[in-house]
Amino acid sequence: MIGDIRETKECQLKDPMDLFHSGQIVKICAPMVRYSKLAFRTLVRKYSCDLCYTPMIVAADFVRSAKARDSEFTTNKGDHPLIVQFAAKEAQVLCDAARIICPFADGIDLNCGCPQRWAISEGYGACLINKPELVKDMVRHVRSQIDNPKFSVSIKIRIHEDLKRTVDLCQKAEAAGVSWITVHGRSTEERHQPVHYDAIKIIKQSMSIPVVANGDVKTLKDAENVHHLTEADGIMVARGLLANPAMFAGYEETPFQCIQDWVDIALEHGTPFTCFHHHLMYMMEHITSKQEKKVFNVLSSTSAVLDYLNDHYGVW
């Protein structure tokens, strides 16, 4: 909760742009609804993840309601560098949210890629790729109203069928002062089709700011391949990290130590059971048999999960 942090005031804010100047691929945990919360961010940071995003937060709710702020955003002094992702459609609302979050995070990201119907019908997410002037306006407003020059303002987008429109959007955002752009290499309509890495490369070659590639990266080797294919400065991963939070450290599948670490972190953070259990189901997907899944996936209490892990894997 924001109040908790204000008391410690030991937030070690960092400049996320330093990561992009390191000469290494920047390894990034994607914003994931319900999943990229503090406990999971703590876990992936132990396994070579450089930069983490919060789940998407609706900026208008965040600004309007202290209750929303406390339930949607938690952090601690080790949770850096951290990017808070907002859904917004009005420049001043995004600025107000950025001002509130500024002392506790290293940057904000504007979601211009969420393809879910509810988001698009509200004017959020992927529909913003068709409103380049609005995106430019929102970026410029945050840039002008946040005093800290190290506070990053980024956007995450999908691509258009006509890539010239995407390049135009990105160049407008760059002109407005955007720090970097994350490109999910699919259109709004595409779900499981192959990612258009060639499109990400064209966007990268059209920009002078960092570009992050996103889509279908499951292993560190995949990340390196996508980096070579796209020339992207960073690689953002969602489902690949859910399945294997140690992915960026080079593990092909979730090591038992990572499962142990998740149990310890989740218990320490008071992670709700459903979230705790779901993460384990993802992490153990490739290391458990069908029969084991039938038993494990229907367990209904923390103590039952801990007993199972202890009996079968010697964890905890």
Side-chain angles (χ1 to χ4, degrees), residues 1 4 8 12 24-55 71 73-82 216-226 235-316:
M1 282 186 274
D4 295 341
T8 66
Q12 295 304 306
Q24 306 292 315
I25 305 170
V26 183
K27 301 185 283 294
I28 305 171
C29 174
M32 290 179 276
V33 174
R34 292 186 301 280
Y35 292 124
S36 60
K37 295 197 168 184
L38 176 59
F40 188 69
R41 298 194 301 265
T42 305
L43 179 66
V44 295
R45 289 184 196 280
K46 281 179 78 91
Y47 289 93
S48 304
C49 185
D50 300 314
L51 180 63
C52 292
Y53 281 56
T54 66
S71 66
F73 178 71
T74 51
T75 190
N76 60 28
K77 63 183 180 181
D79 187 30
H80 296 280
L82 176 67
D216 279 6
V217 171
K218 302 287 197 301
T219 64
L220 184 59
K221 195 164 179 49
D222 287 348
E224 288 161 356
N225 289 342
V226 170
I235 304 292
M236 178 183 280
V237 180
R239 283 173 301 184
L241 277 175
L242 280 182
N244 178 6
M247 186 203 100
F248 281 138
Y251 291 92
E252 293 290 315
E253 57 187 30
T254 310
F256 286 120
Q257 183 57 50
C258 183
I259 294 171
Q260 178 70 68
D261 288 337
W262 171 244
V263 170
D264 294 342
I265 291 165
L267 292 180
E268 184 189 333
H269 283 260
T271 301
F273 172 72
T274 303
C275 181
F276 169 64
H277 190 208
H278 280 185
H279 273 295
L280 287 168
M281 284 158 64
Y282 279 117
M283 289 160 67
M284 294 166 64
E285 173 78 21
H286 299 300
I287 55 176
T288 50
S289 66
K290 263 188 181 169
Q291 200 51 48
E292 286 173 318
K293 284 185 186 65
K294 273 183 187 168
V295 176
F296 184 77
N297 292 1
V298 297
L299 296 176
S300 58
S301 70
T302 301
S303 57
V305 167
L306 296 179
D307 288 346
Y308 183 95
L309 292 174
N310 192 27
D311 294 347
H312 288 75
Y313 303 108
V315 169
W316 209 70

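Quick note: residue numbers are just sequence positions, from 1. Fair warning: this is a prediction, and the values are worked out from it, not measured in the lab.
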For this session: Decide yes or no on side chain to side chain contact (heavy atoms under 4.5 Å, CB included) for T302 and L267, but give the supporting numbers first.
Result: CA-CA 9 Å; T302 301; L267 292 180; 3.9 Å; yes
Exercise. Sequence neighbours excluded, which residues qualify as ring pair (Phe, Tyr, Trp, His ring centres under 6.0 Å) partners of H277?
Worked result: F273, F296
Using every non-hydrogen atom in the two residues, find where [X] and [Y] come nearest and quote the distance to one decimal.
X: R45; Y: P81; answer: NH2-O, 3.0 Å
X: A30; Y: S36; answer: O-CB, 3.5 Å
X: Y47; Y: P245; answer: CB-O, 3.6 Å
X: M281; Y: N297; answer: CG-OD1, 3.2 Å
X: L241; Y: F40; answer: O-CZ, 3.5 Å

Taking the side chain as everything from C-beta on, heavy atoms only, tell me whether [X] gets closer than 4.5 Å to [Y].
X: Y313; Y: Q260; result: no
X: V26; Y: M236; result: no
X: M283; Y: C258; result: yes
X: Y35; Y: H279; result: yes
X: P255; Y: N244; result: yes
X: T254; Y: W262; result: no
X: R41; Y: T54; result: yes
X: K37; Y: P55; result: yes

Just verifying a value: how many Å separate [X] [atom1] and [Y] [atom2], rounded to the nearest 0.5 Å?
X: L43; Y: C29; atom1: CG; atom2: SG; value: 9.5 Å
X: I259; Y: I287; atom1: CD1; atom2: CD1; value: 3.5 Å
X: Y308; Y: L280; atom1: OH; atom2: CG; value: 11.5 Å
X: F248; Y: C49; atom1: CZ; atom2: SG; value: 5.5 Å
X: L220; Y: Y251; atom1: CG; atom2: OH; value: 12.0 Å
X: D264; Y: H269; atom1: CG; atom2: NE2; value: 10.5 Å

Problem set entry | Over 12 non-hydrogen atoms of neighbours within 6.0 angstrom of NZ in K218 |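 Yes, because the 6.0 Å sphere around NZ of K218 holds more than 12 heavy atoms from other groups.
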For this session: Would you indicate whether K293, at its atom NZ, is surrounded by more than 12 heavy atoms from other residues, nucleotides or ligands within a distance under 6.0 Å?
Result: yes
For this session: Examine distances only and state if a side-chain atom of T271 and a backbone atom of F276 form a donor-acceptor pair shorter than 3.5 Å.
Result: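 No: the side chain of T271 does not pair with the backbone of F276.
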For this session: Return yes if some donor-acceptor pair links the side-chain N/O of D50 with the main-chain N/O of K27 below 3.5 Å, else return no.
Result: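 A pair under 3.5 Å: yes.
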Exercise. Taking it one step at a time, do D216 and D222 satisfy side chain to side chain contact (heavy atoms under 4.5 Å, CB included)?
Worked result: CA-CA 8 Å; D216 279 6; D222 287 348; over 6 Å; no
For this session: For E285 and L242, run side chain to side chain contact (heavy atoms under 4.5 Å, CB included): C-alpha distance rounded to whole Å, both residues' side-chain angles, the deciding distance at 0.1 Å, then the answer.
Result: CA-CA 10 Å; E285 173 78 21; L242 280 182; over 6 Å; no
